[in-house]
Amino acid sequence: MNVFTHFRGIIDAELASLSVAGSLPAEIDTKNVAVEPPRDASHGDIATNAALVLSKQAKKKPRDIAALLAPALEALDVVDTVEIAGPGFINLRLSDSFWQNQVQGILSAGKAFGNSRMGGGERVNVEYVSANPTGPMHVGHVRGAVFGDALSNLLQKAGYDVTKEYLINDAGSQIDVLARSAYLRYCEAHGRDIGTIPEGLYPGNYLVPVGQALKEKYGDQWLDADEDVWLATVRDEATDAMMDMIRDDLKLLGVEQSVFFSEKQLHASGKIDEVVEQLRARGHIYEGVLEPPKGQKDEDWEPREQTLFRATNFGDDVDRPLKKSNGDYTYFGADIAYHYDKYQRGFKSMIDVWGADHGGYVKRMQSAVKGLAEDGELDVKLCQLVRLLRDGVPVKMSKRSGNFVTLREVVEEVGRDVTRFIMLTRKNDAPLDFDFAKVLDQSKDNPVFYVQYAHARVCSVLNKAKEAFSGLDTSDTSLAGADMALVNHPAEIAMIKQCAAWPRMVESAAEAHEPHRIAFFLYDLASEFHTFWNKGNDEPSLRFIIEGKEDLTKARLALIRSVAFVIASGLEVLGVKPLEEMR
RNA sequence: GGUCCCGUAGCUCAGUCGGAUAGAGCACCAGAUUCCUAAUCUGGGGGCCAGUGGUUCAAAUCCACUCGGGAUCACCA
């Protein structure tokens, strides 16, 4: 249960009955009322600004409203004290027994603790990665992949019905380049000397096996043939091969999307025409000439009449072209149709995860969604660059020479779990440093290690306890029956409170579409746990296993088992496996 | 020139729908060590939240402008 929404319900009910009693106006708007943990723990466990928010509506002083509300809250069994503080905050302090009782709930929920119904089963589409199928995944793709995946998991946990999706950009001119590059390798497979790969084609060795496969499947029929003979087939074959490779790479990272949507199919199905006509019918499209961009001299710029979408009607800066000079649709044109397709498939809520270099594209896409469907919602999350380092020294990469670090290399060197966790240790729109040495460091400076270590320590204590008390049942159901009243040290209660904050964390992170908050929360929780552990060094009576006191030991085991469940629950969102022992 | 993102302790960064005395890690300073895993621990100093103005009972948070850093700007995706 989410402690704060629980009390929110109680406070709302009390406000309503004050309305009925005439102490507050009949119609009150409580949507800005917050029931949350106070920033300063000395203010208690739960704080509400209700009196402040309602002051103007009720035409009463905040502290007077607080005084109306306080008695009913004071009357609750689980509330120890109620105080009216500062300008009119109401601070509640809950009884130890209330917190102690939370442990049982956590143990019975297990890793499902924190699951929320906030989303109400609403369908959400999260599109991420969508790397061009022209080569293997490289580090630049990793962050978006991990972010999108964790965000999807997070939304799922918060009660949304999430579809993880990938758009295959298999229609653009880069696919022709891919096909020509693969064709060269096909010639090479037939023993031709291809020399150095010409500028503008993909030089990577990963196309060698594709050339081989083409040779085996199609023989020598295309040698010395015109491009229009083989291009279409090689395009398809090469794209398929690249997508297989990309799916394998993603699998290494633990990313498995359920829908792979082909841009080419979008063109072929006539969907784009359909959507453009629909926009035209709504008056969002016209033929016109754009102003040249200011401040930047572009020699090639020439005024030209083209098909434009009135993005400016929806907050964009200029209207955007839907067709290229050769009559083909622009990527934007196709993308509008793609988003409309998602909408028609039942996703009113869509999230796109892009690299930060696509930031200039956000407004026009959101404009298009608004232009097509008033109730459609598109949130675009931009992921900033990852700086790869090795012992503090930047790793040099050059895309031109094909010398980039691949996703596979990263995952094979440091592991999936470490890669995923580190990618979420920064806000998505802030740049992130990824140091091969530091992420494997086994010290508290490394958040992955620190969190994993906390989980492993709990597992280790549970094992030790079975040795200390022969026949002790440490199963979750047994621990759930422990006498939690024995766990009453302030540090223990604080530990429970932090675990109990987990459901609220899930909801707020999901609402903000910010999975990194989970990583920070886990770090804080682990930190609290380690600190508690260390207290046992100074004060042996605070250790988890107390010889001769089986009931107390069991209660403490129940507590730390809860901590482990919350950590496991959080790691699951991040797509990281909790460790039962280190190394 | 337009647009978007960023600017918080010496460094790297958190900061929830606007909420009470702005937090953490590193670094620095001072202590601790027979201990369930020392793969260290405890405590301390350190801030004009880039700046100015505005909205509000209340602003790091919202709005406007300025400064500084990055990204991007029809016919690529």
Side-chain angles (χ1 to χ4, degrees), chain A residues 31-34 36-40 42-43 47 49 52-53 55-56 61-62 85-89 91 130-132 134 167 169 171-175 263 289-296 298 300-304 306 308 316-321 323-326 328 330-332 334-335 355-363 382 384-385 425-427 429-433 441-447 449-450 453 456-457 460-461 464-465 467-468 504-505 507-509 511-512 514 516-517 519-520 523-524 527 530-531 533-540 543-547 581-583:
Chain A
K31 86 171 184 304
N32 287 326
V33 171
E36 55 195 3
R39 188 166 289 178
D40 186 339
S42 71
H43 291 138
N49 61 356
L52 293 157
V53 170
S55 168
K56 198 172 263 180
K61 287 181 192 159
F89 288 101
N91 294 332
S130 299
N132 286 342
T134 56
L167 173 66
N169 295 128
S173 56
Q174 82 283 355
I175 295 298
E263 185 197 349
V289 180
L290 286 176
E291 293 290 314
K294 284 174 186 164
Q296 182 202 29
D298 188 339
D300 297 336
W301 199 91
E302 54 187 36
R304 183 176 62 244
Q306 47 193 345
L308 298 167
D316 201 357
D317 321 303
V318 287
D319 293 331
R320 304 293 179 176
K323 283 191 175 177
K324 306 180 196 174
S325 53
N326 67 2
D328 287 351
T330 57
Y331 182 74
F332 179 52
D335 219 6
D357 56 339
H358 289 60
Y361 195 77
V362 174
K363 274 190 184 174
L382 300 177
Q384 266 292 350
L385 292 178
T425 53
R426 285 283 175 276
K427 222 168 14 185
D429 54 7
L432 177 135
D433 285 353
D441 184 27
Q442 303 228 323
S443 78
K444 72 168 293 194
D445 304 347
N446 180 355
F449 169 78
Y450 203 54
Y453 188 29
R457 266 185 158 169
S460 159
V461 172
K464 279 261 157 54
E467 291 169 24
R504 177 184 154 82
M505 176 52 55
E507 291 181 353
S508 57
E511 198 165 19
E514 289 185 352
H516 75 277
R517 293 188 193 183
F520 282 91
Y523 181 81
D524 287 344
S527 171
H530 289 305
T531 300
W533 172 289
N534 289 319
K535 275 194 172 40
N537 291 332
D538 299 335
E539 239 176 290
R543 294 188 189 169
F544 303 124
I545 298 170
I546 305 291
E547 221 164 308
E581 56 183 1
M582 302 307 285
R583 115 178 34 206

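Nothing here was measured: the structure is a model prediction, and the numbers come from that model. Worth knowing before you read on, the calculation uses all heavy atoms, side chains too, and leaves out hydrogens, waters and symmetry mates.
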Given the C1' atoms of B:rG18 and B:rC49, what is the spacing between them in whole Å? 15 Å

Separation between the C1' atoms of B:rC17 and B:rA50, rounded to whole Å: 26 Å

Rounding to an integer number of angstrom, what distance separates B:rG53 and B:rG19 when you compare their P atoms? 22 Å

Under 4.0 Å, heavy atoms only, any strand: does A:E263 hit a base, just the sugar-phosphate, or nothing? sugar-phosphate

Over all strands shown, is A:G359 touching base, sugar-phosphate only, or nothing at heavy-atom distances under 4.0 angstrom? nothing

Which pairs, protein N/O on one side and nucleotides 20-25 of chain B N/O on the other, fall under 3.5 Å?
unit_1: B:rA20; atom_1: N6; unit_2: A:N91; atom_2: OD1; d: 2.6
unit_1: B:rA20; atom_1: N1; unit_2: A:N91; atom_2: OD1; d: 3.3
unit_1: B:rA20; atom_1: N1; unit_2: A:N91; atom_2: ND2; d: 2.9

Considering the options A:K444, A:K535, A:R457, which one meets the side chain to side chain contact (heavy atoms under 4.5 Å, CB included) requirement together with A:H530? A:R457

For the pair A:N446 (side chain) and A:D441 (backbone), establish whether a donor and an acceptor sit closer than 3.5 Å, ignoring hydrogens and angles. yes

Mind checking if A:T425 touches a base, just sugar-phosphate, or nothing, with heavy atoms under 4.0 Å? nothing

Euclidean distance, atom CG of residue A:D319 to atom C1' of B:rC73 [Å, nearest integer]: 15 Å

Determine the interatomic distance between C1' on B:rG51 and the same-named atom on B:rG46; round to the nearest Å. 23 Å

Work out how far the C1' atom of B:rC11 is from that of B:rC28, and round it to whole angstrom. 12 Å

On a whole-Å scale, what distance lies between the C1' atoms belonging to B:rU8 and B:rG23? 10 Å

Base, sugar-phosphate, or nothing for A:S460, non-hydrogen atoms under 4.0 angstrom? base

For A:N49, which contact category applies under a 4.0 Å heavy-atom criterion: base, sugar-phosphate, or nothing? base

Nucleotide nearest A:S173 when distance is taken to its side chain, options B:rC13, B:rG19, B:rC76: B:rC76

RNA chain B: stems of at least 3 consecutive Watson-Crick or G-U pairs, cut-off 3.5 Å? B:1-7 with B:67-73, B:10-13 with B:23-26, B:28-32 with B:40-44, B:50-54 with B:62-66

Should the ring pair A:F332 and A:Y361 be called parallel, tilted or perpendicular, given that the plane angle runs from 0 to 90° and is split at 30 and 60? perpendicular

The answer to which of A:N537 and A:V53 contacts RNA chain B further toward the 5' end, by nearest nucleotide, is A:V53

Ignoring hydrogens and angles, does a donor from either the side chain of A:H358 or the base of B:rA77 sit under 3.5 Å from an acceptor on the other? yes

Report the distance from atom CZ of A:R426 to atom C1' of B:rC11, rounded to the nearest whole Å. 12 Å

Rounded interatomic separation in angstrom, taking OH from A:Y453 and P from B:rC36: 11 Å

In whole angstrom, give me the gap between the P atoms of B:rC26 and B:rU40. 10 Å

Atom CD of A:E547 to atom C1' of B:rC36: distance rounded to whole Å? 11 Å

Pick base, sugar-phosphate or nothing for A:K323, based on heavy-atom distances below 4.0 Å to the nucleic acid. nothing

For a quick check of understanding: with a heavy-atom distance under 4.0 Å over all strands, which category does A:D317 fall into, base, sugar-phosphate or nothing? sugar-phosphate

B:rA24 and B:rA20: how far apart are their P atoms, nearest whole angstrom? 16 Å

What one should report as the nearest heavy-atom pair of A:H43 and A:P38 is CB-CB, 3.8 Å

Which is true for A:R517 with a 4.0 Å heavy-atom rule: it touches a base, it touches only sugar-phosphate, or it touches nothing? sugar-phosphate

Toward the 5' end of RNA chain B, which comes first, A:K535 or A:F449, by nearest nucleotide? A:K535

